[in-house]
Amino acid sequence: MKKSIFLLYWIIFLAFFSNDNNVFSANRIEYIKLRGSINVSTNAEFEPFEYKEGDKFVGIDLDIAREIAKKLGVDININDVSYSALPLEISRGTCDFIIAAMSYSEEKTQNMDFSDPYFEADQVIIVSENSAIKSGTDLHNKKIGVHLGTTGDTYCTSNLKDCEVNRYNNGSEAVLDLSNGRIDAVVIDNFPAIKLSEKNPETKILDGHLFKEEYRIAVPKGDKEFLEFINTSLQELKEGGIIDQITNKYKNINNQSEKVGLWGQIYNNLIYKDRYKEILLGLKVTFEITIVALLIGISIGVCISMVKILKSRNLFMKIMNVIADIYIAVIRGTPVVVQMFIIYYLILGSTGLSKIIVAMLAFGINSGAYVSEIIRAGISSVDKGQFEAGRSLGLTELTTMNRIIFPQAFKNIIPTLCNEFISLVKETSVAGFIGIVDLSRAGDIIRSQTYEPFVPLVSTAIIYFIIVYLISYLMSVLERSLGRSDIR
């Protein structure tokens with residue numbers, strides 16, 4: 001009987017935490033049809049291949065993905081994450097395939113398989129107008145900027161070992177550093193290079209190309225049937241001229257207005273095509289994640305602090321105290337972005353929970369460790385005689401805490417709790433790594449469309465400042481109100 005129960009638990013564990021790729025790789029196509037949708041992951045910061053236009057994902061790659069979905073007769077779910085997180089998407093079964101202007105490399109094949117190429121691109125070099133660099137042979141012993149995780153990154157790391165390779169989250173950040181003289185050159189794909197060079201007239205693209213690369217679709221490792229279907233679909237799209245039509249459609253699209261100067265930048269980044277709505281939606285998501293995460297954090301913090309403070313030392317409380325110590329040590333000793341990745345991809349990777357809920361849980365769990373120490377410090381600041389007086393009146397430990405200690409400790413912890421709330425607001429900016437469009441990510445998306453960093457960054461900074469100022473003001477009002485109640 002015990003063996004049967006153990007086997008049942010093991011089956012449930014595997015079903016809950018197992019990789020979706022492994023469960024359904026035997027017949028992924030039939031499963032996709034049964035599900036009625038195909039899950040595609042990308043990094044929508046690489047115009048014209050994948051980017052956002054309003055609330056819709058568009059671009060050469062995503063139109064190709066929609067054609068593949070059409071062949072299956074299913075809808076398409078597009079999951080936008082950071083480029084560096086894409087391998088995790090496919091290894092944990094979050095998506096059915098990746099299409100993100102991704103090229104083949106030996107390292108990548110350890111976790112995924114690649115389709116036949118569907119697009120050939122040039123890797124070019126951007127330099128400043130007065131640069132002494134004339135070709136790829138002049139790059140040695142130079143400072144080079146690349147987009148993290150791309151073929152340019154791999155090439156420069158492998159072939160230019162005497163160079164200092166600086167890795168950026170997107171091409172616009174690299175070209176901005178080039179314009180400011182921090183690096184000597186940028187290696188990037190030709191399409192975004194043209195737009196980046198246009199937006200930064202003090203830079204230029206060198207003639208010719210550094211090397212050529214081929215874009216491919218990444219599919220789950222070992223899923224030969226699905227890989228064959230992808231290759232067949234791409235071949236049919238090529239022969240039917242569909243890929244050429246899609247490419248020509250996006251070649252000459254202009255995402256800029258004709259206005260110039262500071263007003264032109266404000267218009268391009270906020271007003272043109274209603275881009276300000278992206279900021280507003282991101283602000284809404286930031287508030288949702290922050291408020292729910294804080295409530296989770298306070299709940300966890302109260303429980304943990306009670307475990308640490310209460311005097312009872314039976315076996316159960318001793319075990320809980322050890323667990324609390326481990327929890328606080330682990331959370332405070334690791335970065336929040338790593339915790340979010342572990343929770344999203346490893347712990348909850350196969351549960352189907354929305355990204356926002358996962359982010360709320362991740363930030364709430366992270367905040368709980370800090371809130372518990374804040375509450376514990378606040379309780380410790382209350383005179384011990386207060387606790388002893390409550391116990392002498394016949395109150396239980398818990399009742400003494402709730403009726404006597406907590407009300408006094410609350411006033412002491414308000415300033416520190418306010419700081420934790422402020423930190424939590426700003427920490428949510430890393431949610432963009434798993435594709436959540438919060439306030440910070442909204443600014444990144446606009447930057448990827450306009451290639452103008454000033455207005456999106458300053459706008460985001462101003463909004464964060466206003467939020468923090470309002471929180472601080474409200475907390476100061478609360479503190480003054482509590483101070484007046486003490487006088488009475």
Side-chain angles (χ1 to χ4, degrees), residues 12 15-21 23-24 31-32 34-45 50 52 54-57 62 65-66 69 74-100 220 277-300 336-368 424-425 427-445:
I12 292 172
F16 189 75
F17 288 106
S18 63
N19 189 330
D20 183 61
N21 282 316
V23 175
F24 297 105
Y31 173 61
I32 290 170
L34 182 66
R35 188 172 59 197
S37 62
I38 188 167
N39 298 323
V40 178
S41 288
T42 190
N43 173 234
E45 295 183 15
E50 42 269 326
K52 282 195 78 175
D55 58 353
K56 186 178 180 183
F57 293 103
L62 300 181
R66 288 186 177 94
V74 297
D75 296 328
I76 185 169
N77 297 323
I78 297 173
N79 189 27
D80 174 32
V81 300
S82 64
Y83 193 85
S84 58
L86 286 173
L88 292 173
E89 289 281 305
I90 208 160
S91 65
R92 288 303 304 158
T94 313
C95 67
D96 295 304
F97 69 82
I98 295 170
I99 186 164
K277 292 181 179 178
E278 196 80 45
I279 296 287
L280 294 178
L281 289 172
L283 180 59
K284 176 176 174 287
V285 171
T286 294
F287 272 128
E288 289 174 349
I289 293 174
T290 302
I291 291 170
V292 175
L294 184 67
L295 293 175
I296 294 172
I298 290 174
S299 301
I300 294 174
V336 64
V337 67
V338 175
Q339 295 166 20
M340 185 177 62
F341 273 139
I342 290 172
I343 292 172
Y344 181 66
Y345 288 110
L346 302 182
I347 299 176
L348 301 177
S350 302
T351 62
L353 285 176
S354 74
K355 295 178 182 179
I356 292 179
I357 292 176
V358 172
M360 290 171 178
L361 292 171
F363 289 113
I365 292 169
N366 176 269
S367 180
L424 189 57
V425 170
E427 281 179 355
T428 57
S429 61
V430 302
F433 281 98
I434 60 172
I436 294 174
V437 184
D438 67 320
L439 178 57
S440 181
R441 175 74 168 172
D444 291 340
I445 289 172

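- You'll find the side chain of Leu361 reaches within 4.5 Å of the side chain of Leu348, heavy atoms only.
- Of all heavy-atom pairs spanning Asp75 and Ala69, the tightest one is O-CB, 4.4 Å.
- Here the closest non-hydrogen pair linking Asp80 and Ala44 is OD1-N, 2.8 Å.
- Within the model, atoms CD1 of Ile296 and CZ of Phe363 stand 11.5 Å from one another, a figure rounded to the nearest 0.5 Å.
- Val74 is not listed as a side-chain neighbour of Arg35, based on a closest heavy-atom distance of 4.5 Å or more.
- With contacts defined as side-chain heavy-atom distances shorter than 4.5 Å, the pair Ile434/Met340 qualifies.
- Under the side chain to side chain contact (heavy atoms under 4.5 Å, CB included) rule, Val437 has a single partner from Leu281, Thr286, Asp444, Ile445, which is Ile445.
- Taken from CD1 in Ile436 to OH in Tyr344, the straight-line distance is 8.0 Å, to the nearest 0.5 Å.
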Item to check | side chain to side chain contact (heavy atoms under 4.5 Å, CB included) assessment of Ile343 paired with Val358 | outcome: CA-CA 7 Å; Ile343 292 172; Val358 172; 4.0 Å; yes
Item to check | Intermediate values then yes/no, side chain to side chain contact (heavy atoms under 4.5 Å, CB included), Asn366 and Glu427 | outcome: CA-CA 10 Å; Asn366 176 269; Glu427 281 179 355; 3.6 Å; yes
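- Under the rule for a salt bridge (Lys or Arg N to Asp or Glu O under 4.0 Å), Glu50 has no partner lying at least two apart in sequence or in another chain.
- The nearest pair of heavy atoms linking Glu288 to Met360 is O-CE, 3.7 Å.
- The distance from the CD1 atom of Ile300 to the OG atom of Ser367 is 8.5 Å, given to the nearest 0.5 Å.
- With values rounded to the nearest 0.5 angstrom, Ile32 atom CD1 is found 8.0 Å from Phe97 atom CZ.
- The salt bridge (Lys or Arg N to Asp or Glu O under 4.0 Å) pairs that include a residue from residues 428-440 number zero, where partners must be two or more places apart or lie in different chains.
- With rounding to the nearest 0.5 angstrom, the CD1 atom of Ile279 is 6.0 Å from the CG atom of Leu439.
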Item to check | Evaluation steps, side chain to side chain contact (heavy atoms under 4.5 Å, CB included), between Leu86 and Ile90 | outcome: CA-CA 7 Å; Leu86 286 173; Ile90 208 160; over 6 Å; no
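- The two residues Ser440 and Ser429 make their nearest non-hydrogen contact at CB-CB, 3.6 Å.
- When all heavy atoms of Ala100 and Tyr83 are compared, the pair lying nearest together is O-CE1, 3.6 Å.
- Listed by chain and number, the residues in a side chain to side chain donor-acceptor pair (under 3.5 Å) with Ser41 are Glu89 (sequence neighbours excluded).
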Next on the checklist: Between Thr42 and Ile78, is the side chain to side chain contact (heavy atoms under 4.5 Å, CB included) condition met? List the steps.
Outcome noted: CA-CA 7 Å; Thr42 190; Ile78 297 173; 3.9 Å; yes
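- Looking only at side-chain heavy atoms (C-beta outward), Ile99 and Val40 come within less than 4.5 Å of each other.
- Side chains of Asn39 and Thr94 form no contact here, defined as non-hydrogen atoms less than 4.5 Å apart.
- The backbone N or O of Pro87 sits less than 3.5 Å from a side-chain atom of Ser91, completing a donor-acceptor pair.
- Between atom CZ of residue Phe341 and atom OG of residue Ser82 there is a gap of 5.0 Å, rounded to the nearest 0.5 Å.
- Nearest heavy-atom pair across Pro220 and Asp96 is CD-O, 3.2 Å.
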